[in-house]
Each structure stands twice: as structure tokens, then as C-alpha cells.
Asks: 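I'd like to ask you about the structure that follows.
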Protein chains: 2
Amino acid sequence: MSTQNKISVYIVEDYLLTRITYKKSFQNYSDINIVNDFESAEGCINALEKQPVDVILMDLGLPYMTGIEATKIIHRKYPNIKIIILTSHENDDEVLSSLASGANAYALKDIDIKKLYNLICTVNEGSIWIDPRITKVVQKTFYKAEPKEKEDFHLTLREKEVLDLLVQGFSNTEIADKLTVSPCTAKAHVCKILNKLSVTDRVQAAVKATKYDL
Amino acid sequence: MSTQNKISVYIVEDYLLTRITYKKSFQNYSDINIVNDFESAEGCINALEKQPVDVILMDLGLPYMTGIEATKIIHRKYPNIKIIILTSHENDDEVLSSLASGANAYALKDIDIKKLYNLICTVNEGSIWIDPRITKVVQKTFYKAEPKEKEDFHLTLREKEVLDLLVQGFSNTEIADKLTVSPCTAKAHVCKILNKLSVTDRVQAAVKATKYDL
DNA sequence: AGGGCTATTATCCACTTGGATAATAAATAG
DNA sequence: CTATTTATTATCCAAGTGGATAATAGCCCT
């Protein structure tokens, strides 16, 4: 990412004092170069056009555009720029939205400077890092998103086709039309599907198919 | 976690040479104490009963019990033990399963010792860390898991109740029974739900409800 | 060649469904 | 106090649904 030795950094933070504090703190770290700091996301996004950086420290609660929206935009336009969310917000939704927007790290503001320095180095290499205090939400997300052990209901290819149409809300007749078979055939397929999925009606079949991603 | 100064570590890795290499490498790091190493997950799990550690380096491809299963078991039994998956596997499902199992980090084996040392310190504090080469999968997961902007279909409380039963596959009559109202009432609710969700039948309503988590 | 699975088609029947339409009472909001 | 919304009930009707049961043809494997 960085062609020089120094890691170039922008700070986006609406509170002046905080910006100054960070800037001063990093004067002791020779390989961190705080190129500029902004009180709004818009300012930062404009500046990136002329001078991209390696890493951005991004607050969440900003005037006008939020840190999450900004992260989304910057990540889309400059996929190589690493964004560290640096905030006091511990709201679960904000954590997840931030990471979904492409941030590489989520840190709470009381992080000490040495750790923040290490964090900047870490994300500059492309890693993802999550503050100890918010790992639970993140792990819960991983748990929910875990590739399910794809329960196998032994549906045939044809049945999967039918189930797919069923889930889209088509009636047996419509399914038959789409597959150019007789309505009786479609109906027979549906009946077999209901049996195989151990449900008694197509609504439950559709829900089960959606849940298990069949 | 660690009451002493040193971070205590177990290594689980079926290849003897690799274990030896790691052990030797960490002799230079005074605050890392490789307490023991195991060629199988079972050995590690047994040892934990007598002597827990702060951090475990866990391979994935192990004989008998896989690293993922072991991680799941250890994380459940000792939530404070931090597990670093250290493997050559770059398979997306294994990455996600590992993190879902409670691992705090996923690193690829060619990581250099200094970084691995930093990583051990980082996860010992409770952070989550993801290797740069597998961030894409993880970010994609965050993106998919992002709290959807909860499209609002202006369903009334009663309608949500009805929709809930509908999704479970109950017929209008059954819904009416459950809510102790007349079948006509249940039917009227369903009709209104279909209109509000802009769908023409209950299957689509159920699917939409499931997708949008109504 | 024969056994098992799949896809296809079919019929009967009681029950369910969705659309259209509307009336009433209760609660809520302005 | 009045307008709006919600919950309740109802009816008609054409269409769709699910269960049970079964026959036929094609395919793959042994």
C-alpha cells in the first residue's frame, strides 16, 4: 500500500480537541504520517481525490454524512484504503454496519496510543481487527452466518426446480406451465416435496426451503 | 487472563516438525511460554483440565477430531481461552466455521514469527484478528449479515401475530382458533397482509416475512 | 434381464384460498 | 367531538390444495 516508509493517515473526527490530541500523540511515531484531519466525512472524501492515504481513522457520529456512509463510499471507491472505526459507540448495529461497510477495524476511543499505533500498522497490512469489548456481537454474527450443515432432504433435481418455483409463489398450474408438464405432474412433485420435507403444506415447505437455502 | 507475566500457550498441530519449529522460535520471546504441544485435539482438551492456558494455536487438519470441533468444545468449556487458528487452509467455509466456533484469530501458516508473536499478544487481550488474505470472505459475511433497513410494511400488531402463525403453516381456520376469533376474521387479516406486502398468496407472504424477518 | 428410482400422467374428494365487498364496534388521534 | 384506523364478522364464488392411490415409460446399475 504505502510506497514510502511512512504510513499516511487521515483523521475524521468532528471534535477538534480529539483531533489535536491524536495528532500530537502520533508525533512520537516516526512511521506514522498524519497527513490531514477533517471535521466532516465530506472533507475527507474530497481530499482523497487529490491525495489518497493508507489508513483513515473514522469517527461514527459526524455531522451530515455518518462515518458508516463515508466508509461505504470510500471503501467502494478506494478498496485499498484501510479504515479504522474509532468511536465511543458500542451499539451492536453500528458495529455490524461498520464492518459491513468495509471497515478493517472497530476500536473504542479510549484505546491507548501505543495500541492504536499497532492497530494502524496491522490494518495497513490488510488485517481485520476487532476491539475486545465488542467481540461478542461479531462472534454471534459469525455463528449465525455459519454455513449450515446443509440438511439433505434427498430432493431430486426436478423437485428442487419445482420447490424453487413454489417458493416464488407459483401455483401448481403455473409451475406445470413453466416446466411444460401437466398440472398433475407438478402436483405430484409438490406432494413428494411435502413428504420429503416432512411438512403438510406448501407454506411450510417454502419457509423451510428459505431457511435451509435449498 | 494471565496471572503471571508470561502468556501461556498450547500448540495443537499434527506435524511434529512444525511443532518443534514453533517451539524453538518462541524461545526468543521471553513473555511467551509454550507450555506443551499436542499432535491431536483430544490430547489438548485433556491437558486443559489439569492446566488451562491463555492461548491455543490450533491447526485445522488434525487426525480424529478436527480443529474446528476442538475449538467449539474448548470455547464452550473455557470461554476465556483464546484460540488462534493457524493453518494452511484457505477454504472459505473453514474460515467461517472456525470463527463461528469461537476462534479469535485465523492466520495462515506462513505468517512470520514476529507477527505471530504480536498476534498472540493481541488475542490474549481478547481482540479478534483476521489474516489479510482472507478478509474478503469475512467482509462478505458481514455484508450479508448486516442489519437490513427493516422495510416497514405498516403491519398492525394483530397482523404481525397472524403473519407469524401463517409462516408456521397454519390455515386460516387454525389461525382463527389460535386467536379465538372467527375464521372470517383471520381470513380478513390475511387478505390485508397480502395487500400490504404486495403479494398475491400466502406462500410469498411467508417467504417475504422470513426474508425480512418480520 | 430384472430391480429400483425418477418423471410423468391421472382421478376423486373434502377442504382451503383469495378477491370483492361491506357492515359494526372500539379505540385512537387531531 | 369527529375523522381515521383497527378489529371484528360475514357472504359468494371460482380456483387452488393436499391425500390417497396407481399406472406407464425411461433410466441406471448389477
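Chain letters run A, B, ... following the sequence lines, proteins first, then strands; residues in each count from 1. Heavy atoms only: backbone and side chains are in, while hydrogens, waters and symmetry mates are out.
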Asks: Taking A/Glu13 as the fixed residue, which of A/Arg19, A/Lys109, A/Lys23 is the one that meets the salt bridge (Lys or Arg N to Asp or Glu O under 4.0 Å) rule?
Replies: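 Single pass found, and it is A/Lys109.
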Asks: Measure CG/A/Asp201 against P/C/dA14 and give the value in whole Å, please.
Replies: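 Atom-to-atom, A/Asp201 to C/dA14, this comes out as 21 Å.
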Asks: Picking from A/Ile81, A/Ile84, A/Ile83, what satisfies side-chain contact (heavy atoms from CB on, under 4.5 Å) with A/Val55?
Replies: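 That would be A/Ile84.
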Asks: In whole Å, I'd like the distance from the CG atom of A/Leu157 to the C1' atom of C/dA7.
Replies: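 From A/Leu157 CG to C/dA7 C1': 12 Å.
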Asks: On DNA chain D, compare the nucleotides closest to A/Thr200 and B/Thr180; which residue's is nearer the 5' end?
Replies: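 Upstream on the strand: B/Thr180.
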Asks: Below 4.5 Å, heavy atoms only, C-beta onward: do A/Lys160 and A/Asp164 meet side chain to side chain?
Replies: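 Side-chain contact under 4.5 Å: no.
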Asks: To the nearest angstrom, how far is A/Asn195 atom CG from C/dA7 atom P?
Replies: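 Taking atom P of C/dA7 as the reference, CG of A/Asn195 is at 15 Å.
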Asks: Give a yes-or-no answer on whether the side chains of A/Trp129 and B/Ser127 include a donor-acceptor pair shorter than 3.5 Å.
Replies: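 Per modelled atom types, A/Trp129 and B/Ser127 side chains form a pair under 3.5 Å.
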Asks: Whole Å only: how far is the CZ atom of A/Arg202 from the C1' atom of C/dG18?
Replies: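 One finds 14 Å between C1' of C/dG18 and CZ of A/Arg202, rounded.
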Asks: Check each residue of residues 181-191 of chain A for a non-hydrogen atom within less than 4.0 Å of any atom in DNA chain C, then write out the ones that pass by number, or none.
Replies: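 Result for residues 181-191 of chain A: A/Val181, A/Ser182, A/Cys184, A/Thr185, A/Lys187, A/Ala188, A/His189, sorted by number.
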Asks: What is the distance from NE2 of B/His154 to C1' of D/dT4, rounded to the nearest Å?
Replies: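 The answer, rounded to whole Å, is 16 Å.
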Asks: Roughly, in whole Å, what's the span from CD1 in B/Ile193 to C1' in C/dG18?
Replies: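 Going from CD1 in B/Ile193 over to C1' in C/dG18 covers 13 Å.
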Asks: If you take the centroid of each ring, where Trp contributes its six-membered ring, are A/Tyr117 and A/Phe26 closer together than 6.0 Å?
Replies: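 No.
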Asks: Are A/Phe142 and B/Phe142 an aromatic pair by the rule of ring centers under 6.0 Å?
Replies: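 Judged by ring-centre distance (under 6.0 Å), A/Phe142 and B/Phe142 do meet the cut-off.
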Asks: Would you indicate which nucleotide in C/dG19, C/dT17, C/dA7 comes nearest to any side-chain atom of A/Glu159?
Replies: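 Side chain of A/Glu159 sits closest to C/dA7.
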Asks: Could you check how far CD of B/Glu161 sits from C1' of D/dT6, rounded to whole Å?
Replies: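 To the nearest whole Å, that distance equals 13 Å.
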Asks: For B/Leu155 and D/dA7, what is the distance between atoms CG and P respectively, to the nearest whole Å?
Replies: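 In whole Å, D/dA7 P lies 10 Å from B/Leu155 CG.
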Asks: Please determine, by modelled atom types, if B/Glu94 and B/Ser97 share a side-chain donor-acceptor pair under 3.5 angstrom.
Replies: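 No - no donor-acceptor pair under 3.5 Å links their side chains.
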Asks: According to a strict under-4.0 Å criterion, is A/Asn172 in side-chain N/O contact with OP1 or OP2 of D/dG16?
Replies: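 It does not, given that no N or O in the side chain of A/Asn172 lies less than 4.0 Å from OP1 or OP2 of D/dG16.
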Asks: Just N and O in the side chain of B/Thr156: are any of them under 4.0 Å from OP1 or OP2 of D/dA7?
Replies: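 Yes.
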